[in-house]
Amino acid sequence: MNRIMQTAASGMAAQQLNVDNISNNLANVNTPGYKKSRIEFQDLLYQSVRPAGSETDQGTKTPTELQIGCGTRPVATSKMFSQGDIIETGNPLDVAINGDGFFQVLMPDGTTAYTRDGSFKLSDDGRLVTSDGYEVTPEITLPLDTTSVNISRDGRVTAFVAGVENPEEIGQIELVKFINPAGMKNLGHNLYQATPSSGEPSFGQPGTEGFGTIEQFYLESSNVDVVEEMVNMIVAQRAYEINSKAIKTADEMMQLVNRLK
Amino acid sequence: MVCLRKYQIKAEGAVIRDIQNLSKEMISRIIKQEVIANNLANINTAGFKKDRVFQKELDSAGNRIKEDVNEVTVFQQGALRDTGNPLDLAISGDGFFTIDIDGKQYYTRDGHFYIDSTGFLRLTNSGLVMGENGPIQINGEVEIDKNGRVAVKGEEIDRIKISTFTQPYPLKKHGNTLFEALDNAEELPADNYSVLQGYVEESNVNPVEEMVRMMTTLRYFEADQRVLKTHDELLDKAANQIGRV
């Protein structure tokens with residue numbers, strides 16, 4: 001009966017983790033560029049109580065094996081990289097990717113991180129940075145006295161400088177793609193890191209084959225669907241409850257055994 | 001006097017045998033409860049198939065309790081859930097996805113697939129998903145039709161291998177939502193199915209059914225315990241009161 005308790009406890013732990021994940025999704029319902037994650041479960045190993053072909057007390061052989069499962073376990077959290085809604089903000093440094101791809105960000109330790117959050121800002125020396133101050137690569141620096149910035153759908157950045165008639169081309173936004181984006185590591189701050197399971201990044205210009213286009217004055221909102229998360233939460237809560245009932249039942253059975261003598 | 005003693009021995013023998021049978025029955029009820037607990041723990045596991053335990057309580061003569069318990073896996077279709085993820089696949093109908101782990105084939109109804117760093121389609125935390133021409137390599141936008149044909153950027157590259165067996169399926173559970181074929185099982189190509197992209201087959205565990213089974217099993221267990229206790233009291237009377245005369 002200890003096994004019932006363990007099995008049900010594994011179910012409760014799994015559902016607990018499920019609710020943790022759902023609440024994180026819900027907490028990020030308004031985070032630009034946030035991608036919802038989900039937990040996947042698999043059943044645990046099976047314990048063979050009686051192998052097939054063992055003899056019964058009537059001298060016949062049992063045709064099937066008696067296997068008892070030991071519960072469930074979470075095996076993976078995977079990010080769902082579906083497109084979030086694109087919302088107009090009117091800010092010239094807000095850019096959204098409409099399609100696949102990530103912006104590249106230079107981390108202070110020299111490594112590269114990736115993001116879908118295009119709410120860029122300017123640093124004190126005119127460089128394009130993320131909200132946390134990390135530099136966007138390839139580097140884009142706005143000249144002094146810039147009056148307005150224009151970012152085209154294929155990622156070309158041009159600036160109008162006071163006193164100069166023609167716009168000046170100052171950089172090009174480059175996007176990267178991964179064969180398995182779900183395998184990337186979450187760094188928080190809307191940033192992801194490449195891992196062996198995500199594969200090597202492939203670089204490309206926005207709007208070219210497989211890469212999304214850049215939309216200036218827009219932000220990609222979180223792709224969390226509140227209704228879906230609420231439904232998942234109800235399901236998880238009920239599953240948690242039902243597993244606790246299994247523990248209670250095992251407890252009651254144990255009590256009955258104890259009362260035998 | 002002689003006659004009485006004979007009766008007494010006979011009665012005691014029957015009571016002891018009853019106690020043994022009852023304890024066997026209680027053990028098989030515990031096994032039943034363990035299987036129900038495992039079903040409930042996997043109520044949210046994609047592609048999970050519930051198990052059922054059958055007890056035969058009487059033999060053909062109808063007078064003796066057997067301890068024999070039999071287990072079957074119920075391969076009933078689980079509900080299909082729309083996830084919108086292009087790498088989630090579900091089978092509606094008969095058949096299994098074929099998964100290769102180090103050259104050994106396993107079968108599953110769990111369709112949480114992903115593309116690994118070398119571009120091959122894999123089951124989460126597990127092996128390669130097999131197509132009719134071996135592992136499936138995908139590099140780009142993928143579309144899978146209801147016959148399981150995989151098209152990358154509009155070009156057909158392979159067809160997902162859906163295997164089946166003659167019923168009852170000669171499969172046993174391996175854990176990680178995989179099934180393993182028994183030694184003499186013959187794998188057949190399935191033809192009565194459709195593959196749905198962007199869907200996942202949920203666990204086929206029905207919470208109401210499991211709760212009812214759990215409650216009844218508990219109450220039967222309780223009844224067994226009461227009867228066993230009564231037998232024990234009888235034995236106590238036989239040994240300590242009748243025996244004293």
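Treat the numbers as computed from the prediction; the structure is a model and nothing was measured.
In this structure, chain B has heavy atoms under 4.5 Å from both the backbone and the side chain of A:M253. Residue contact with chain A, scored on non-hydrogen atoms closer than 4.5 Å, involves the backbone and the side chain of B:I115 alike. Within the 4.5 angstrom heavy-atom criterion, atoms from both the backbone and the side chain of B:T83 approach chain A. In this structure, the portions of A:T249 lying under 4.5 Å from any heavy atom of chain B include both its backbone and its side chain. Of the atoms belonging to B:D88, it is side-chain heavy atoms, and not backbone ones, that fall under 4.5 Å from chain A. With a 4.5 angstrom heavy-atom cutoff, A:R238 does not touch chain B via any of its atoms. Neither the backbone nor the side chain of A:Q255 comes within less than 4.5 Å of any heavy atom of chain B. Only the backbone of A:L44 comes within less than 4.5 Å of a heavy atom of chain B; no side-chain atom from C-beta onward does. Only the backbone of B:I138 comes within less than 4.5 Å of a heavy atom in chain A; its side chain stays farther off. Contact of A:A182 with chain B is not made at all, since no heavy-atom distance falls under 4.5 Å. Only the side chain of B:R81 comes within contact range of chain A, with at least one heavy atom under 4.5 Å from a heavy atom of that chain. Of the two parts of A:N243, only the side chain, counted from C-beta on, holds a non-hydrogen atom closer than 4.5 Å to a non-hydrogen atom of chain B. For B:M214, the parts sitting under 4.5 Å from any heavy atom of chain A are the backbone and the side chain alike. Interface remark: A:N2 contributes no atoms to any contact with chain B (heavy atom separation under 4.5 Å). Using a 4.5 Å cut-off between heavy atoms, B:N176 contacts chain A through both its backbone and its side chain.
Interface remark: of the candidates B:N42, B:D116, B:N125, B:I30, B:N42 forms the most heavy-atom pairs closer than 4.5 Å to chain A. Note: B:E34 leads B:M26, B:E34, B:E222 in heavy-atom pairs under 4.5 Å with chain A. Most heavy-atom pairs under 4.5 Å with chain A, from the set B:L87, B:I31, B:V200: that is B:I31. Taking chain B as the reference chain and counting heavy-atom pairs below 4.5 Å, the highest number among A:A9, A:A236, A:G71 is found for A:G71. With chain B as the partner, the residue from A:V235, A:V75, A:L45 showing the most heavy-atom pairs under 4.5 Å is A:V75. With chain A as the partner, the residue from B:K229, B:H112, B:Q33, B:K153 showing the most heavy-atom pairs under 4.5 Å is B:H112. Chain B forms more heavy-atom pairs under 4.5 Å with one residue of A:V257, A:I39, A:L256 than with any other, namely A:L256.
If you check the side chains of A:T7 and B:N38, you find no donor sitting under 3.5 Å from an acceptor. In this structure, a donor-acceptor pair under 3.5 Å is absent between the side chains of A:N190 and A:T31. With hydrogens and angles left out, the side-chain atoms of B:E71 and A:Q67 include no donor and acceptor closer than 3.5 Å. Using modelled atom types and a 3.5 Å distance limit, the side chains of B:D51 and B:T73 yield a donor-acceptor pair. If you check the side chains of A:T213 and A:E215, you find a donor sitting under 3.5 Å from an acceptor. No hydrogens or angles considered: nothing links the side chains of A:T115 and A:D117 as a donor-acceptor pair under 3.5 Å. B:T124 and A:Q42 are not linked by any side-chain donor-acceptor pair at a separation below 3.5 angstrom, with hydrogens and angles left out of the test. Side-chain contact, B:N85 with B:Y114: no donor N or O sits under 3.5 Å from an acceptor N or O. Defined by atom type and a distance below 3.5 Å, a donor-acceptor pair is present between the side-chain atoms of A:N28 and A:N24.
Stacking of B:K104 on the aromatic ring of B:Y106 is recorded, both the 6.0 Å distance cut-off and the 45° axial limit being met. A cation-pi arrangement is present between A:K79 and A:Y34 under the rule of less than 6.0 angstrom and at most 45 degrees off the ring axis.
Atom CG of A:D109 sits in a crowded spot, with more than 12 heavy atoms from other residues, nucleotides or ligands closer than 6.0 Å.
A salt bridge does not link B:E210 to B:R213: none of the charged side-chain nitrogens sits closer than 4.0 Å to a carboxylate oxygen.
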